[in-house]
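Values reported hereafter were calculated over all heavy atoms of this structure, with side chains retained and with hydrogens, waters and symmetry mates removed. Reminder, nothing fancy here: chain letters follow the sequence lines and each chain counts from 1. From a predicted model like this one, the values you see are computed outputs, not experimental measurements.
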Protein chains: 2
Amino acid sequence: MKKLIVASAEEKILEAAKDVFMKYGLYGARMQDIAETANINKALLHYYFRSKEKLFDKVFEGALKKYFQQMDVFSDESLPIKERVLKYVDNLISFLFEYPQMSIFIIKEVSINPELFKEKVHEIKKGKSIGLIKVLEEEIAASRINKFDTAMFMVNLQSLCSYPFIASPLFKISLKANGKDWNKDFNTEKLKESIKNFVEFTFEKK
Amino acid sequence: MKKLIVASAEEKILEAAKDVFMKYGLYGARMQDIAETANINKALLHYYFRSKEKLFDKVFEGALKKYFQQMDVFSDESLPIKERVLKYVDNLISFLFEYPQMSIFIIKEVSINPELFKEKVHEIKKGKSIGLIKVLEEEIAASRINKFDTAMFMVNLQSLCSYPFIASPLFKISLKANGKDWNKDFNTEKLKESIKNFVEFTFEKK
DNA sequence: TTTACATTTAACCAAATGGTTAAACTTTTT
DNA sequence: AAAAAGTTTAACCATTTGGTTAAATGTAAA
């Protein structure tokens, strides 16, 4: 009988640490809690990662990388700009569906410790993708699209994509109080559709 | 010489507790930290509020009340529905400008401890304001406005209003990387304007 | 002034927390 | 098989944590 392939202790720890840190943050998370979630001895945490801060760092770095990876699509010059934006929306929403705590986790930790963030971002972004705003402004300058407030568009777009996942516990209650059901009346396809409308509206508007 | 009027210890504690709990959450916050922020002795916290949980409860309840208060405008039947929505946007954004951590604080604590939230909401909402969705559906049923997906509209509206404040630390970095400046290129008036556009768009669309 | 009550503090305490150590057990290399 | 390297554990430790206590101080009523 073949032995089941089980994740290595190190992998299990990282998984558990991700869950616990995402839920409670750096200061709220307890090493014992992480160890129990990973089903291993607490000393193992320190054996593999030396300290709570080091372990957190690994988790946080991984989260940031995945998050910023979503923006690579903006520099894909094989697609027209509007398609790039729509593809970004598509990717980001699928991503947030899988990791709903991601943005709130990053935001919280960034607001508590902005220093750490600046370092990490600099490291991750070096040489990589230009941002949405720059691309849009180039298109506007070349008169390939109408002029609009690119910074505000970016803020609105991020808001529409991210907030529903962040605030779903709140929305669940709100909808129920209005005779609706979050699981029935909200889904990612409908959300994508409504954001697509917003994008079209922005690009088409004179 | 008249003595300066200084906030009572109890008030100072509540103020400090609000700040610390909002930043670190229930588990991440330290009583010592709250005491130092309030410039009082740690034992005073327990004298006035008995326990960390009780103190947190007070802070959380206050936050929830203020947050839900914003929705009272929906039941103001002296205004046409679209005006009510625009007024809500106006109020909510002014409110979030003053308490930018509010929504993220509530959301985080709700997602960690949904039980507590259900109790509190029930208590706060009893007898009070009907929600946006219900009002909109009544208007649609009476053919006073065009038909649209009311639940999705509410989600989008909340997203557009709330996320910019939540994610401002992220946006600051993002904008700077694109040659923009958050403090210059973003302000609440512009945000209100762009959300107004979105509301008009939704109400006007066939 | 004295009594009663509210406010504030320093000094503790038990439990929980992050972290260490040395020994035992496995796996890989020689 | 023996040695070396990697993995896992229980038993500790020092510090920090939430919380208590009893005494001191201030304040208002009798």
With sequence neighbours left out, the residues meeting salt bridge (Lys or Arg N to Asp or Glu O under 4.0 Å) with B/Lys190 are A/Asp149

Taken in chain and number order and not counting sequence neighbours, the residues that satisfy salt bridge (Lys or Arg N to Asp or Glu O under 4.0 Å) with B/Glu189 are B/Lys192

Residues pairing under side-chain hydrogen bond (donor to acceptor under 3.5 Å, both in side chains) where one sits in residues 33-55 of chain B, two or more places apart or in two chains, turn out to be B/Gln32-B/Glu36

Here the salt bridge (Lys or Arg N to Asp or Glu O under 4.0 Å) pairs for residues 153-164 of chain B, sequence neighbours left out, are none

Between CG of A/Leu26 and P of C/dT17 the distance, given in whole Å, is 15 Å

In the structure I gave you, are the side-chain heavy atoms of A/Leu55 and A/Ile34 within less than 4.5 Å of one another anywhere? yes

B/Arg30 atom CZ is separated from D/dT17 atom C1', nearest whole Å, by 7 Å

By salt bridge (Lys or Arg N to Asp or Glu O under 4.0 Å), A/Asp57 pairs with (sequence neighbours left out) A/Lys120

Under a 4.0 Å heavy-atom cutoff, the residues of residues 41-56 of chain A touching DNA chain D are A/Asn41, A/Ala43, A/Leu44, A/Tyr47, A/Tyr48

Side-chain donor-acceptor pairs under 3.5 Å in residues 101-111 of chain B, sequence neighbours left out?
residue: B/Lys108; atom: NZ; partner: A/Met22; partner atom: O; Å: 2.6
residue: B/Lys108; atom: NZ; partner: A/Lys23; partner atom: O; Å: 3.3
residue: B/Glu109; atom: OE2; partner: B/Leu26; partner atom: N; Å: 3.2
residue: B/Ser111; atom: OG; partner: B/Lys108; partner atom: O; Å: 3.0

Indicate every side-chain donor-acceptor pair of residues 158-174 of chain B with a distance under 3.5 Å to a residue at least two apart or in another chain.
residue: B/Gln158; atom: NE2; partner: B/Tyr88; partner atom: OH; Å: 2.9
residue: B/Ser159; atom: OG; partner: B/Val155; partner atom: O; Å: 2.7
residue: B/Ser162; atom: OG; partner: B/Gln158; partner atom: O; Å: 2.9

B/Asn39 CG to C/dT9 C1', in whole Å, measures 15 Å

Here DNA chain D, pairs taken as Watson-Crick or G-U under 3.5 Å and shown with ( ), [ ] when crossing and | when to another strand, reads ||||||||||||||||||||||||||||||

When rounded to whole Å, the OH to P distance for the pair A/Tyr27 and D/dT16 reads 14 Å

Rounded to whole Å, CD of A/Gln32 lies from C1' of D/dA11 at a distance of 14 Å

Exercise for the section: Would you mind classifying the nucleic acid contact of A/Ala35 as base, sugar-phosphate or nothing, using non-hydrogen atoms under 4.0 angstrom? Expected result: nothing

Atom CD1 of A/Ile13 and atom P of C/dG19 are separated, to the nearest Å, by 14 Å

